[in-house]
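To start, the structure under review is shown below, and the notes come after it.
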Amino acid sequence: MGNMRTARRWTAAFVLIPALAATAACGGAETKEQDTGKAVYGLPLQEQFNAATEATRGTGTAAFTSTLTYTSRGGKAVERTEGSLDFDKGTARAAVTLKVDRGFDKGGAELVGEPGSTAGRTLSTRGDDVYVRQDSSPWLRYTPEAITRLGVPTRAVSAHTAGDVAPYSGTLADLVPRMIPRTAPEQDEAGGRLYRVTTLPETAAELLPPELQVTQGDEVEVTVRLDPAGRLSEVTADLSPLLVTLSKDDDRAEGITSLEAAYTIGSYGEPVSGHEPDGDVQDAAEVLTPIGDMKRGRCAASDTGLGGFAVVRPVDCAKKHTVRVLGQTEVKETFPMRAEYSDPDVYGQEQCRRIHAEAPDAWVREAAVPGRLKVFGYGTVDQTFGGEVTGTVVSGDYTCFLTTS
């Protein structure tokens with residue numbers, strides 16, 4: 001976002017065994033995979049993705065890796081998720097890391113993350129509840145009630161609640177049963193299949209943060225690979241067409257030249273553990289608040305697992321904190337005709353500069369970067385043309401704050 005908005009992350013064991021026994025075991029495994037594969041590949045083409053999803057869930061457990069790679073002229077930003085799934089229990093555990101190159105496009109970084117930063121969080125899912133821990137913070141439990149109360153910013157965690165495909169949603173795997181292959185897949189030497197399909201832009205955009213979502217544009221190309229047993233193995237997608245559409249409405253996206261997603265899944269049926277949160281667990285609805293509700297001088301921590309500063313955890317200023325609120329301000333500007341320049345964020349920034357200039361020195365000295373002021377808020381522009389009334393009304397509500405070290 002702009003200055004006026006908040007952005008918004010095998011070891012192998014070798015054992016000598018009799019050759020005959022090894023051959024028999026290998027043959028049995030191949031036969032089982034082939035039999036399972038027939039249950040998928042023997043169906044009409046349009047039914048194979050649903051059958052593959054069921055075959056995948058039928059394995060009981062699995063491990064997965066999901067990546068989103070944003071590329072700009074000056075570097076990349078990669079969000080990598082590694083986790084495990086328990087289909088039978090409806091639970092999952094995942095470690096998410098967002099690494100942004102120092103040279104990543106400045107405008108694009110406002111949509112993705114701070115250049116030169118690495119941020120991590122751990123998620124644990126159980127049904128409709130998502131537990132998140134960032135750094136050394138307690139676990140925060142995001143229930144459906146908490147997600148409803150805290151609103152859109154919780155999309156960073158609510159997107160990962162257990163779904164129909166896997167107990168960890170928000171990955172390319174979600175798209176598979178929603179697509180229908182139109183052409184026969186390619187078959188590899190091992191007996192797996194590679195499908196080339198497309199999906200609607202608004203469907204693919206569901207995998208992205210709200211700031212990057214679009215509802216129109218060109219279709220997105222997706223490849224789906226199934227293993228010899230007909231189970232989901234890999235999904236990749238070129239999401240760059242979404243950037244083309246987004247750039248028309250948000251010039252910050254122009255600096256991001258490509259966006260690619262990938263998902264791999266395997267280690268089927270192997271034991272998984274650690275899905276339950278360990279240690280202190282707090283209810284997000286009870287301990288978090290929108291930053292717009294924070295009063296002047298109050299402090300907060302931004303370790304909510306949501307990214308950005310839209311929702312924070314209020315703390316006593318005498319304790320460790322990462323946010324100091326300087327004040328709240330309301331924008332209300334009226335023009336008698338169509339305004340040539342009517343960005344409410346600009347007015348919000350101007351008002352926050354005045355608030356910053358009048359803030360106590362002790363607060364200002366806390367800034368992690370001297371002189372850097374941050375602003376979060378939303379604005380609207382209402383224009384009326386024709387008739388007796390012609391004019392522009394610019395309005396918005398903004399929070400002026402500092403990030404502290």
#### Entry: Value rounded to 0.5 Å, distance of CD in Glu276 from OG1 in Thr91
7.0 Å

### Query
Residues two or more places apart in sequence or in another chain: which of them pass salt bridge (charged side-chain N to carboxylate O under 4.0 Å, His left out) with Arg324?
Glu366

### Task
Would you confirm whether Asp101, through its side chain, and Lys76, through its main-chain N or O, come within 3.5 Å as a donor-acceptor pair?
yes

### Summary
Value for OG (Ser117) from CZ (Arg102), rounded to nearest 0.5 Å, stands at 9.0 Å

### Message
Between Pro181 and Phe49, is there a side-chain heavy-atom distance shorter than 4.5 Å?
### Response
yes

### Message
Does any part of the side chain of Leu111, heavy atoms only, come nearer than 4.5 Å to the side chain of Asp250, both counted from C-beta?
### Response
yes

### Task
For Asp174, enumerate each residue passing the salt bridge (charged side-chain N to carboxylate O under 4.0 Å, His left out) test, keeping only those at least two apart in sequence or located in another chain.
none

### Task
Please check if the side chain of Ser169 supplies one atom and the backbone of Thr161 the other of a donor-acceptor pair under 3.5 Å.
yes

#### Entry: Gln216, CD: over 12 other non-hydrogen atoms inside 6.0 angstrom
no

### Query
Should we count CG of Asp164 as having more than 12 external heavy atoms under 6.0 Å?
no

### Query
Counting only N and O atoms by type, is there a donor-acceptor contact under 3.5 Å from the side chain of Thr56 to the main-chain atoms of Arg231?
no

### Message
Tell me every residue that passes side chain to side chain contact (heavy atoms under 4.5 Å, CB included) with Arg133, counting only those two or more places apart in sequence or in another chain.
### Response
Arg93, Ser137, Trp139, Asp278

### Summary
Note: Ala166 and Leu85 closest approach over all heavy atoms is CB-CD1, 4.1 Å

### Query
Where is the tightest heavy-atom contact between Val165 and Pro177, given as atom of each residue plus distance?
CG2-CG, 3.5 Å

### Task
Measure the shortest side-chain to side-chain distance between Val393 and Lys332 over non-hydrogen atoms and say whether it is less than 4.5 angstrom.
yes

### Task
Not counting sequence neighbours, list each pair that qualifies as a ring-ring contact (aromatic ring centres under 6.0 Å, His included) and has a residue in residues 196-247.
none

### Summary
Between Ala310 and Pro153 the two heavy atoms that sit nearest each other are CB-CG, 3.6 Å

#### Entry: Crowding at CG, Asp218 (>12 non-hydrogen neighbours, <6.0 Å)
no

### Task
Start with the C-alpha gap between Leu246 and Ile256, add the side-chain angles, then the distance that decides, and say whether side chain to side chain contact (heavy atoms under 4.5 Å, CB included) holds.
CA-CA 11 Å; Leu246 181 64; Ile256 307 176; over 6 Å; no

#### Entry: Check: Leu242 and Leu212 side chains under 4.5 Å, non-hydrogen atoms
no

### Query
Counting N and O atoms only, with roles assigned by atom type, does the side chain of Gln48 sit under 3.5 Å from a partner on the main chain of Leu43, one being a donor and the other an acceptor?
yes

### Query
Is there a side chain to side chain contact (heavy atoms under 4.5 Å, CB included) between Val220 and Leu175 once you walk through the steps?
CA-CA 11 Å; Val220 171; Leu175 304 185; over 6 Å; no

### Message
Applying side chain to side chain contact (heavy atoms under 4.5 Å, CB included), can you list everything that pairs with Leu200, at least two apart in sequence or on another chain?
### Response
Glu202, Thr203, Glu219

### Task
Without swapping roles, check the side chain of Arg121 against the backbone of Thr304 for a donor-acceptor pair under 3.5 Å.
no

### Query
Does a side-chain heavy-atom distance below 4.5 Å link Glu330 with Gln351?
no

### Task
Please round to the nearest 0.5 Å and tell me the distance separating atom CG of Leu226 and atom CZ of Arg193.
8.5 Å

### Partners meeting ring pair (Phe, Tyr, Trp, His ring centres under 6.0 Å) with Tyr168 (sequence neighbours left out)
Phe64, His160

### Query
For the side chain of Gln328 and the backbone of Lys295, is there at least one donor-acceptor N/O pair under 3.5 Å apart?
no

### Query
Any luck finding a side-chain donor-acceptor pair between Thr198 and Glu221 under 3.5 Å?
no

### Query
Pairs in or reaching into residues 79-113: which pass ring-ring contact (aromatic ring centres under 6.0 Å, His included), with residues at least two apart or in two chains?
none

### Query
If you measure from CD on Glu145 to CG on Asp128, what distance do you get to the nearest 0.5 Å?
9.0 Å

### Query
What pairs with Lys320 under side chain to side chain contact (heavy atoms under 4.5 Å, CB included), at least two apart in sequence or on another chain?
none

### Message
Can a donor-acceptor pair be found, under 3.5 Å and without considering hydrogens, that links the side chain of Thr125 to the backbone of Pro167?
### Response
yes

### Query
Are Tyr398 and Pro344 side-chain neighbours, meaning at least one heavy-atom pair lies under 4.5 Å?
yes

#### Entry: Trace of the side chain to side chain contact (heavy atoms under 4.5 Å, CB included) decision for Val176 with Tyr195
CA-CA 11 Å; Val176 175; Tyr195 302 77; over 6 Å; no

### Message
Are Arg155 and Pro209 packed together at the side-chain level, in the sense that at least one heavy-atom pair is separated by less than 4.5 angstrom?
### Response
no

### Query
Will you find, in the side chains of Thr380 and Ser395, an N or O donor that is under 3.5 Å from an N or O acceptor?
yes

### Task
Answer yes or no: is there a side-chain heavy-atom contact under 4.5 Å between Asp316 and Cys299?
no

### Query
With sequence neighbours excluded, what pairs up with Asp188 under the salt bridge (charged side-chain N to carboxylate O under 4.0 Å, His left out) test?
Arg225

### Query
Could you go step by step and tell me if Val325 and Val323 meet the side chain to side chain contact (heavy atoms under 4.5 Å, CB included) rule?
CA-CA 6 Å; Val325 176; Val323 171; 4.3 Å; yes

### Task
Give every residue pair that meets the side-chain hydrogen bond (donor to acceptor under 3.5 Å, both in side chains) criterion with at least one member in residues 254-266, sequence neighbours excluded.
Thr71-Ser258

#### Entry: Under the side chain to side chain contact (heavy atoms under 4.5 Å, CB included) test, residues paired with Pro370 that sit two or more places apart
none

### Message
When you measure from the side chain of Thr245 to the backbone of Val214, do you find a donor-acceptor pair of N or O atoms at a distance under 3.5 Å?
### Response
no

### Message
For Asp303, give me all partners under salt bridge (charged side-chain N to carboxylate O under 4.0 Å, His left out), at least two apart in sequence or on another chain.
### Response
Arg313

### Query
How far apart are the closest heavy atoms of Ala300 and Met294, and which atoms are they?
CB-CE, 3.8 Å

## Note on the structure
In Asp283, Leu140, Val312, the residue satisfying side-chain contact (heavy atoms from CB on, under 4.5 Å) with Leu288 is Leu140

### Side-chain donor/acceptor of Asp238 to backbone N/O of Ser240, under 3.5 Å
yes

### Task
Give, for atom CD1 of Ile265 and atom OG of Ser84, the distance between the pair rounded to the nearest 0.5 Å.
10.5 Å

### Message
Taking Arg296 first and then Glu358, would you say they form a salt bridge - that is, a charged N and a carboxylate O separated by under 4.0 Å?
### Response
no

#### Entry: Approximate separation, where rounding is to 0.5 Å, of Leu306 CG and Tyr142 OH
3.5 Å

### Message
Looking at Thr404 and His321, would you say the former's side chain and the latter's main chain have a donor-acceptor pair under 3.5 Å?
### Response
yes

## Note on the structure
Between Gly230 and Val40 the two heavy atoms that sit nearest each other are O-CG2, 3.8 Å

